[in-house]
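Heads up, the thing below is written out as structure tokens.
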Protein chains: 2
Amino acid sequence: MILICRRYVITHRNRLTEHLNKKGLKMTPQRGVILDRFLDVEGHLSAEELYHLVRQSDPAIGQATVYRTVKLLAEAGIAKTVDFGDGVARYEPRFGTSHHDHLVCKKCRRQVEFVDPEIEGLQEKQARIHGFNLISHRMVLFGICPDCS
Amino acid sequence: MILICRRYVITHRNRLTEHLNKKGLKMTPQRGVILDRFLDVEGHLSAEELYHLVRQSDPAIGQATVYRTVKLLAEAGIAKTVDFGDGVARYEPRFGTSHHDHLVCKKCRRQVEFVDPEIEGLQEKQARIHGFNLISHRMVLFGICPDCS
DNA sequence: TCATGAGCTGATAATGATTCTCATTTGCAG
DNA sequence: CTGCAAATGAGAATCATTATCAGCTCATGA
């Protein structure tokens with residue numbers, strides 16, 4: 001387990017470094033800390049939430065840096081942007097190629113993740129029909145969870 | 001055509017009035033103007049854009065009122081909220097039961113609407129699998145349109 | 001060795017969409 | 001009429017995010 005995590009961390013750190021190099025940017029201690037805290041997390045985080053986690057590791061890191069870094073993580077393909085439409089951008093680690101969408105309870109805000117390759121396929125198809133080259137998508141289903149209904 | 005439009009307007013106005021009554025609120029001239037301008041439009045509008053349209057009909061109407069009203073329209077089921085993840089809430093008239101999702105070009109921002117009942121069905125299915133009662137969903141596909149690629 | 005400069009950082013100001021506040025107005029119920 | 005609940009417009013407030021800026025770091029080359 002630890003080995004796997006560590007391997008992911010190393011992979012991700014390399015990937016970030018590579019991405020930074022490509023853009024003429026540098027790997028820094030702050031970016032390292034932010035990456036580590038981010039990868040610890042299971043599920044999604046807002047930049048603000050990540051900022052609070054990061055503070056526990058290094059209180060000197062400013063929130064602007066966290067906002068900047070989390071964008072770099074997204075660019076590098078390490079983070080996936082998730083949007084629930086509440087005006088807050090959330091990010092979640094992208095391990096391997098796994099991908100999923102979200103089901104959100106309108107009452108208690110509880111969230112469930114799911115994957116549906118069939119839907120993915122149909123999305124591809126729709127894009128193709130309209131001559132688009134599909135890059136990404138955003139899908140959130142809203143409903144009432146079993147506990148609330 | 002005109003008849004159909006007019007019929008929709010009347011239907012929608014009634015629906016709004018009904019919704020307002022249910023909440024102990026009132027139909028007002030301002031709300032009427034905002035509703036009319038909104039229904040004129042083909043496709044989606046931000047509250048800001050709607051505000052500018054409304055000004056042309058009645059410059060005295062304030063933007064706060066437009067923001068408030070557009071929310072009421074959404075509550076009443078007259079408007080559908082569309083979110084492209086760019087921090088601006090957009091709304092579009094909901095005629096009949098027609099529903100569609102969006103395909104957005106990442107370069108030129110051009111938007112195409114599409115409907116895919118198969119996807120809708122699968123979304124229902126996913127919700128059911130997790131015990132959720134599906135209320136709504138948000139799906140936007142991002143890609144590069146034929147002209148840009 | 002030391003100067004240089006590109007990039008980085010944190011604090012803070014700025015932005016922009018949206019919401020709130022509040023004094024004033026409107027319009028029906030009694 | 002009269003009063004009261006709701007509505008309105010103007011502008012302030014909010015909140016997430018982004019821009020600005022002065023100081024810092026560190027590899028490079030003279």
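Numbered from 1 within each chain, the chains take letters A, B, ... in sequence-line order.
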Legend entry - Between P of D:dA16 and CZ of A:R90, the distance in whole Å: 10 Å
Inset, instruction - Report yes or no: do B:L25 and B:I61 belong to one cluster of Ile/Leu/Val/Met/Phe/Trp/Tyr joined by side chain heavy-atom distances under 4.5 Å? - result: yes
Legend entry - Interatomic distance, B:R68 CZ vs D:dG11 C1' [rounded to whole Å]: 12 Å
Legend entry - Residue-phosphate contact under 4.0 Å: A:R31 side-chain N/O, C:dT9 OP1/OP2: yes
Inset, instruction - Round to the nearest Å and state the distance from B:L25 atom CG to D:dC4 atom P. - result: 20 Å
Legend entry - Nucleotide C:dC8, atom C1' - distance to CD1 of A:I34 in whole Å: 11 Å
Inset, instruction - Report yes or no: do B:H137 and B:D101 form a side-chain donor-acceptor pair below 3.5 Å? - result: yes
Inset, instruction - Return the 5'-most residue of the pair B:A64, A:P29 with respect to DNA chain C, ranking by each residue's nearest nucleotide. - result: A:P29
Inset, instruction - Look at the side chain of B:Q63 and decide which nucleotide, out of C:dT12, C:dT18, D:dA7, has an atom nearest to it. - result: C:dT18
Inset, instruction - Rounded to the nearest angstrom, tell me the gap between atom CZ in B:R55 and atom P in D:dG9. - result: 10 Å
Legend entry - Nearest-Å distance for atom pair CD1/C1', residues A:I61 and D:dT25: 15 Å
Inset, instruction - Could you state the atom-to-atom distance from CG of B:L20 to C1' of C:dC28 in whole Å? - result: 15 Å
Inset, instruction - Provide, to the nearest angstrom, the distance between the CE atom belonging to B:M27 and the P atom belonging to C:dC28. - result: 13 Å
Inset, instruction - Check whether any side-chain nitrogen or oxygen of B:K71 sits under 4.0 Å from OP1 or OP2 of C:dT19, and answer yes or no. - result: yes
Inset, instruction - Would you kindly confirm whether B:L72 and B:L45 end up in one hydrophobic cluster when ILVMFWY residues are joined by side chain heavy atoms under 4.5 Å apart? - result: yes
Inset, instruction - Compare every heavy atom of A:F132 with every heavy atom of B:C105, then report the nearest pair and how far apart it is. - result: N-CE2, 3.7 Å
Inset, instruction - Please tell me which of the listed nucleotides, C:dT18, D:dA16, D:dA6, lies nearest to the side chain of B:A89? - result: C:dT18
Legend entry - Residue pair A:E113 / A:H102, side-chain donor-acceptor N/O under 3.5 Å: no
Inset, instruction - Look at B:Y67 and C:dT18 and indicate whether a side-chain polar atom (N or O) is within less than 4.0 Å of OP1 or OP2. - result: yes
Legend entry - Given C:dT18, C:dA6, C:dG10, the nucleotide with the shortest approach to the side chain of A:Q30: C:dG10
Inset, instruction - Determine: side-chain N/O of B:T28 to OP1/OP2 of D:dT8, distance under 4.0 Å, yes or no. - result: yes
Inset, instruction - Give the nucleotide from the list D:dA10, D:dA5, D:dA19 with an atom nearest to the side chain of B:K26. - result: D:dA5
Inset, instruction - For B:K23 and for A:A47, locate the closest nucleotide of DNA chain D by heavy-atom distance; then report the residue assigned to the nucleotide nearer the 5' terminus. - result: B:K23
